[in-house]
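Here is the structure we will look at.
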Amino acid sequence: MRKLLIVDDEKNIRLGVSSMIRREFAGTYEIELASDGEEALRIVRDAGAHIVITDIRMPGMDGIALLRELQTFPVKPLVFILSGHDDFAYAKEAIRNGVKGYLLKPIVREELYEALRQAEKELDRQEARPGKYSAGSGELESFHSSQLNYILMHPEMDASEIRQRLATVGFADNGNGSGSGWRLGLLRFPPDLRPRELDEGLARLERLVPRDLQPLLNSASTFVFMDKDRSLVLLAPDDVVLRLLRAAVPDGSSPLLRAGVSREKCDAALFKEAYREALSALRSTFIASAGGCVQLVEELEEKRNRGEIPREHIRQISNKLGTGRLEEIKALLAHVLDARTAREEGVAYVEAVSSLLNKDVFDQVFHTYGEQSVEILRIYKKAGTIDNFEHYHEYADCAGRLVELLDEYVGRMKQVHVDHIEIKRAVKYMEENYARDLNMAMVSNYVSLNYTYFSKIFKEYTGDNFVGYLKKIRISRAKELLESSHSKVYEIAEQVGFENTKLFTRVFKEKEGITPQEYRAKRYMEG
C-alpha cells in the first residue's frame, strides 16, 4: 500500500480530499494528514511518502517552502499542489520546484482522480525500471544527489559549510586552492527525454559512455547527480569531466544533447561558482542550435553587458497590448527577439531579454487582468525560461504566440471593462427615468451600444433581462411610495411608470407575492 500525504491548514479540506480518495481508491493508499509544512516535513522524513498533495498558502512553512525541502530528499515524493485562481504566482514558483501537477480549488473529483491515476503510472514506471540503477539500488547516489542539490538550493551557505557537505559525500580538498583540479559539467537531454529520477539518468549516461571509459564513470572520484532542471551534473577531476562528456555527446549526436563545462577549480568552496559557469556554457549552446555540443565556459567570447537591452521596445509592447495594434506589436517583438542579435550578443543578453519580457509583459498581464485561459497558462509556463527550449527560434516562436494570445486576451478584458462602464450608465439612466415609457431601444441608443449586444451584456452585468430589471426598479420605488405616502394605488402605478393599475397589481404580486393594498396594510400593521 502506497503512502499519500494531504497537507492543508483547513481541516475540512484535508478531510474532504481524504474522503474523495478513499471512496475512489479504496485500499490503495495509507493516508496521512498534516496541517502545515513543518508537520508534513516531519511525516515524510520519519515515514516517507509516495504522493504529497499540498496547499500553497499556509501559515508557517507554506507549500513552496515544503516543496524546496522535499527536493533535497534522497527519495522524492510526487507532489501536487492545491491553489486558487489568485495563487498564479505561487503556482509558477511551484512549477520551478519540481511539482508534478496542480489542482484548482474547489477541487473537481475527476481532476483529482486523474491526477492520482497519472501518479500511479509514474510510480509503477519507477519501480519497474530494470538494470543497475533500478529503484532501491541507488541509495548512495541518491544521498550524494540530495547533499549536492542542497548546496545549490541554499545561496546563503558559506564556504565552510559547502566544504563540509561536500566532504560528507567523499569530495574534499584542503580549501586553500592548492588541491587537485576539478571541473563541473552539465549534461542536458531534450525536454521530452529528460530523466525523471536520478537512477534513470545514470542508466542513460552509462549507455552513452563507451566501455573503455566506464571505469572513469564508476570511479569513487566521479560524482553524478541531477539538478532541479533534470540535467545530469558531473563533478570529477579536470580531464575526467571533459573525456566523459565529449564521449557521451559526440558531434552531431541525435537525439540532441548539450553539455556545458566549468573552468578548472581547486577549492571545494567554489562548487556553486562552477555550477553557474557550467550552466552559462550549457545555455550558450541554445543560441547556436547545434547538436552534439560540449561547450567550455572559457571558450565563450566575453559578451556580457555588451549589448543594450531593448527596454523601450518591450515597454511599448506592454503598452500596446489590447489596443488593436497587433502588427505594430509583432514588429517590435521581431526587433526584440532578432536571432542575429542574439547570436552576436550571447546567452546573457538573451536571458536579460527573456527576463524583461516575463516581468514587463507576461507577468504584468496576469497581475492586471488575472488569468482564465488554460492555453495561455500552458504557453506562459513554457515561455517563462529559455531552458524549456532546444533552439532559440523555438523560444522566439513561443514568445510570439504568447504575445498574440495576450493581445487578444487583454483586448477582450478591456472591452468588457468599457462595456461594464456603459452598462452602469444605462442602469443609472433607468433608475432616473423609470417613470417614463422606457424600452431597451431607447436605453441602448443612450449609451451608443448595438441593441442585440446591449441585451447580452446587460444580462451578464445585472443577472436579469432589461424588462425584468426595469420592473424591479419600478416595484422597489412603488414599495417606498406605498409606505411613505397616502397616494392611491392607481396614482402610485402611474408615478412609477405602469400604464394601468391592473398591470401594476399583477407585476407587484409576481414580485412580492401580495397585492399593493395588502403590502401597504402589512407595513401599516408592522408600524
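In what follows, residues are counted from 1 in the order of the sequence shown.
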Do [X] and [Y] have side chains that approach each other closer than 4.5 Å (heavy atoms only, starting at C-beta)?
X	Y	answer
Ile329	Val403	yes
Ile51	Leu5	no
Arg117	Phe25	yes
Thr462	Val427	yes
Leu234	Leu184	no
Leu232	Phe225	no
Ile64	Ile81	no
Leu104	Leu82	no

Looking at [X] and [Y], does any basic side-chain N land under 4.0 Å from a carboxylate oxygen?
X	Y	value
Glu273	Arg276	no
Lys265	Glu277	yes
Asp8	Lys105	yes
Lys428	Glu432	yes
Asp360	Arg315	no

Spacing of [atom1] belonging to [X] relative to [atom2] belonging to [Y], to within rounding of 0.5 Å:
X	Y	atom1	atom2	answer
Ile107	Ile13	CD1	CD1	7.0 Å
Gln364	Asn358	CD	CG	12.5 Å
Lys320	Arg325	NZ	CZ	5.0 Å
Glu327	Leu332	CD	CG	11.5 Å
Ile379	Arg401	CD1	CZ	5.5 Å
Ile423	Lys459	CD1	NZ	13.5 Å

What are the two closest heavy atoms between [X] and [Y], and how far apart are they?
X	Y	result
Gly384	Ser354	O-OG, 4.3 Å
Leu333	Gly400	CD2-CA, 3.4 Å
Ser455	Met440	CB-CE, 3.7 Å
Ile53	Leu116	CD1-CD2, 4.3 Å
Met226	Leu198	CE-N, 3.6 Å
Ile21	Leu4	CD1-CD2, 4.0 Å

Legend entry - Audit row: Met20, Leu112, side chain to side chain contact (heavy atoms under 4.5 Å, CB included) steps and yes/no: CA-CA 9 Å; Met20 283 191 278; Leu112 172 64; 4.1 Å; yes

Inset, instruction - Under the salt bridge (Lys or Arg N to Asp or Glu O under 4.0 Å) rule, what do Asp62 and Arg57 come out as? Steps first, then yes or no, please. - result: CA-CA 6 Å; Asp62 64 12; Arg57 297 197 190 194; over 6 Å; no

If only atom types and distance count, is the side chain of [X] paired as donor or acceptor with the main-chain N or O of [Y] below 3.5 Å?
X	Y	answer
Asn433	Arg436	no
Asn445	Ala441	yes
Arg474	Val496	yes
Tyr461	Lys456	no
Glu200	Arg196	yes
Asp229	Ser231	no
Arg258	Thr285	yes
Arg183	Ser262	yes
Arg230	Pro195	yes
Asp9	Asp36	no

Inset, instruction - Could you walk me through whether Gln295 and Val261 pass side chain to side chain contact (heavy atoms under 4.5 Å, CB included), step by step? - result: CA-CA 6 Å; Gln295 179 70 65; Val261 182; over 6 Å; no

State whether the number of non-hydrogen atoms from other residues, nucleotides or ligands found under 6.0 Å of [X] atom [atom1] is greater than 12.
X	atom1	value
Arg311	CZ	no
Arg425	CZ	yes
Lys272	NZ	yes
Lys511	NZ	yes
Asp158	CG	yes

Inset, instruction - Determine whether the aromatic ring centres of His391 and Tyr395 lie less than 6.0 Å apart. - result: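 Ring centres of Tyr395 and His391 not closer than 6.0 Å.
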
Inset, instruction - With side chain to side chain contact (heavy atoms under 4.5 Å, CB included) as the test, would you mind laying out the steps for Val108 and Tyr113 before giving the verdict? - result: CA-CA 9 Å; Val108 177; Tyr113 298 158; over 6 Å; no

Inset, instruction - In sequence, state the C-alpha distance, the side-chain angles, and the governing distance for Trp182 and Val241, and then conclude on side chain to side chain contact (heavy atoms under 4.5 Å, CB included). - result: CA-CA 8 Å; Trp182 54 271; Val241 171; over 6 Å; no

